[in-house]
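Notes for the one structure printed next.
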Amino acid sequence: MLKKILLVLLILAPSALYLYIVNREDKTEAPAEKTVPPSKPAEYQTPDH
């Protein structure tokens, strides 16, 4: 029983490590995007009725 649990954890370890790294990178990049002020206001298109 313990062997099966360890085998499952061993198989899932690379996926967990990948998800941890990806989520950590997303958190470090997010504040940089928020600090950049928009250079011009958003332009809205008028609907073609």
Side-chain angles (χ1 to χ4, degrees):
M1 181 68 182
L2 185 60
K3 274 187 168 181
K4 290 181 181 179
I5 293 173
L6 290 175
L7 183 63
V8 169
L9 292 176
L10 185 65
I11 292 171
L12 295 178
S15 299
L17 182 63
Y18 172 76
L19 290 174
Y20 171 74
I21 292 172
V22 168
N23 286 333
R24 188 182 59 182
E25 288 177 357
D26 288 345
K27 289 179 182 176
T28 57
E29 292 176 3
E33 294 174 357
K34 292 180 180 178
T35 57
V36 177
S39 58
K40 60 180 180 178
E43 297 177 6
Y44 299 104
Q45 294 180 350
T46 57
D48 297 329
H49 290 307

How far does [atom1] of [X] sit from [atom2] of [Y], to the nearest 0.5 angstrom?
{"X": "Asn23", "Y": "Leu19", "atom1": "CG", "atom2": "CG", "value": "6.5 Å"}
{"X": "Lys4", "Y": "Leu9", "atom1": "NZ", "atom2": "CG", "value": "14.5 Å"}
{"X": "Leu7", "Y": "Leu12", "atom1": "CG", "atom2": "CG", "value": "9.5 Å"}

Exercise for the section: With sequence neighbours excluded, tell me which residues meet side-chain contact (heavy atoms from CB on, under 4.5 Å) with Val22. Expected result: Tyr18, Asp26
